[in-house]
Number of protein chains: 2
Amino acid sequence: MDSDSWSPPVVMLAVDLVILTLRRSQVHVLLIERGVEPFRGHRALPGGFLCDRDEPLLDAARRELSEEAGLVVDSLHLEELGVYADPGRDPRGRVVSVAYLAVRPRLPEPTAGTDAAGAGWEPAARVLGGEVAVAFDHRRIVADGIERARRKLEHSALATAFCGPVFTLSELQRVYEAVWDVRLDPRNFYRKVRRADGFVVPVESSRATDTGRPAQLFRAGPGRALNPPMARSGAAYEGETR
Amino acid sequence: MDSDSWSPPVVMLAVDLVILTLRRSQVHVLLIERGVEPFRGHRALPGGFLCDRDEPLLDAARRELSEEAGLVVDSLHLEELGVYADPGRDPRGRVVSVAYLAVRPRLPEPTAGTDAAGAGWEPAARVLGGEVAVAFDHRRIVADGIERARRKLEHSALATAFCGPVFTLSELQRVYEAVWDVRLDPRNFYRKVRRADGFVVPVESSRATDTGRPAQLFRAGPGRALNPPMARSGAAYEGETR
DNA sequence: AGAATAGTGTCTTTTAGACAGTATGGG
DNA sequence: CCCATACTGTCTAAAAGACACTATTCT
């Protein structure tokens, strides 16, 4: 390529968001129903194009989340998930999308926004299994997001991001069980969580109730990395043999 | 934004490559010397713009590596490292760059290519420490690449990518020691490596020599994930107390 | 009391880390 | 011979996993 006459091709840049939460002990992902072509009427991840050439990507991500799903969450931590850039992934031309992952406790019901005809939570398994069809290459993006969350549960304190500001250790255990799709022994789970440095901090003189003995409440600790990590190998729990 | 008149802004898309290798027991990173503005004469990661609107990103990465550093490596595994998209990171306008990471055994000396005035290996520590200045935000990209490699050593068989087709376990140990900047006990290291499933496979009736007893040669095994993982905690080795 | 969940203790197996000691080459 | 490196074995401490048992609430 000769140096002065050539100028690089340009592409359209978009962001997509994989927002995960737990509902009824199942991992759910936030989907919108597209209100515009292409794929109008299909479900898709919230996301969209930069609105101007100088918009930072994280700003665009937050803006789309609020515009399309009506969700404005302060202190939402978005983690870069990957770049999706296959030529042909979008019929409008070369669209390069940066996907972000966030994990939240039970969020308010999303409401359809400007470009979206609807918004709601869908079980992640139904998206991965294909029972819920999603536009573009969003099924793969969801799969990558779930896989990232699975891995991060082992070595980081991500699990607390699925819980509210305070939580019981059973609630935390249900996060692991839902995301990993395993059953864990609650007794060993308690020991491991409490031993991990800075993972959870007990909240003074407080407790919640459902049925059975009330449980101590905890909040997320300062530790981000888990040491020792939560082993994923299994330790299936079938209940006591009486 | 009104639906029909608006069209999304476009950006220039680039790729950058963090190629790591081991030389004299130190992690080195491949840098080129820029032959064109901006930052002409400065060192930078190999990389550049897509050459046409439909070029896949991985193709662009391989092309730049060959054009700028004269390195054509078949079966070079490039891993996506991240997206660098800060407005203002490039004086030419909004340039979004996707960085890729690769780890290679001792490679042939790179040769300057079309757009590069020079190419060579630089100790990664000198880039991170600022003694070697690099263009754009490439110092951060290098830092992210090194950090990724550090983490991957624990849970994947990445270490073998630093070695040739066959290697001794001391060579493999030197990879961990260089990347993690620790000293490991060779005896425990041998046990752990050989226990990890599919990490290394002994090569039949072969051996290398330097000084001391000749060592068994190994090749990379089929396993990609390391189970159990290599613990990074330390286990410093100071030599025997006699 | 009985059911249900919370939490503790204890035992066994596995793994990490320290390090003695043996094996096998080169000077 | 000595030296250096390659490897094997053994011990100890920590952690994982199985599971008995106690605690505290609700109905």
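Here is the naming used below: chain letters follow the sequence lines, and residue numbers restart at 1 for every chain.
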For this session: Could you walk me through whether A:Tyr176 and A:Phe189 pass the ring pair (Phe, Tyr, Trp, His ring centres under 6.0 Å) test, one step at a time?
Result: CA-CA 10 Å; A:Tyr176 280 90; A:Phe189 183 82; 5.6 Å; yes
For this session: Start with the C-alpha gap between B:Leu22 and B:Val27, add the side-chain angles, then the distance that decides, and say whether side-chain contact (heavy atoms from CB on, under 4.5 Å) holds.
Result: CA-CA 5 Å; B:Leu22 217 62; B:Val27 181; 4.0 Å; yes
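Atom CZ in B:Phe189 sits about 18 Å away from atom P in C:dT15, given to the nearest Å. Rounded to whole Å, the distance from CZ on B:Arg174 to C1' on D:dT5 is 10 Å. Rounding to whole angstrom units, CZ of residue B:Arg183 and C1' of D:dT5 are separated by 13 Å. Between B:Gln216 atom CD and C:dG25 atom P there is a gap of 13 Å when expressed in whole angstrom units. Spacing between atom CD of B:Glu171 and atom C1' of D:dT5 amounts to 13 Å, rounded to whole angstrom units. Nucleotide C:dA6 holds its P atom 9 Å from the CZ atom of A:Arg213, rounded to whole Å. For the pair B:Leu172 CG and D:dC7 P, the interatomic distance rounds to 12 Å; values are reported in whole Å. Rounded to whole Å, atom P of C:dA16 lies 10 Å from atom CG of B:Asn227.
Checking A:Glu147, A:His155, A:Glu154 one by one against A:Arg151, the side chain to side chain donor-acceptor pair (under 3.5 Å) holds for a single residue, A:Glu147.
In this structure, B:Arg207 reaches the C:dG25 phosphate: one of its side-chain N or O atoms is under 4.0 Å from OP1 or OP2. In terms of phosphate contacts, B:Ser170 brings a side-chain nitrogen or oxygen within less than 4.0 Å of OP1 or OP2 of D:dA6. Within the structure, every side-chain polar atom (N or O) of A:Tyr190 is placed at least 4.0 Å from both OP1 and OP2 of C:dT8.
Distance check, rounded to the nearest 0.5 Å: CG of A:Leu172 to CD of A:Glu177 gives 10.5 Å.
Among the nucleotides C:dT24, C:dA6, C:dG9, the one closest to the side chain of A:Arg187 is C:dG9. The side chain of A:Asn188 has D:dA18 as its nearest neighbour among C:dC19, D:dA18, C:dT24.
At most 12 non-hydrogen atoms from other residues, nucleotides or ligands lie less than 6.0 angstrom from CZ of A:Arg140.
Checking B:Pro228 against B:Thr211, the closest nucleotide of DNA chain C that is more toward the 5' end is the one next to B:Pro228. Along DNA chain D, the nucleotide closest to A:Gly212 and the one closest to A:Met230 are compared, and the more 5′ of them pairs with A:Met230.
Residue B:Thr168 is out of contact with every strand shown, counting any heavy-atom pair closer than 4.0 Å.
Within residues 191-203 of chain B, the residues that place at least one heavy atom under 4.0 Å from DNA chain D are, in residue-number order, B:Arg191.
Across all their heavy atoms, B:Ser97 and B:Val15 have their closest contact at OG-C, 3.8 Å. Taking both residues in full, the closest heavy atoms of B:Ala220 and B:Phe167 are given as N-CE2, 3.6 Å, listed atom of the first, atom of the second, then distance.
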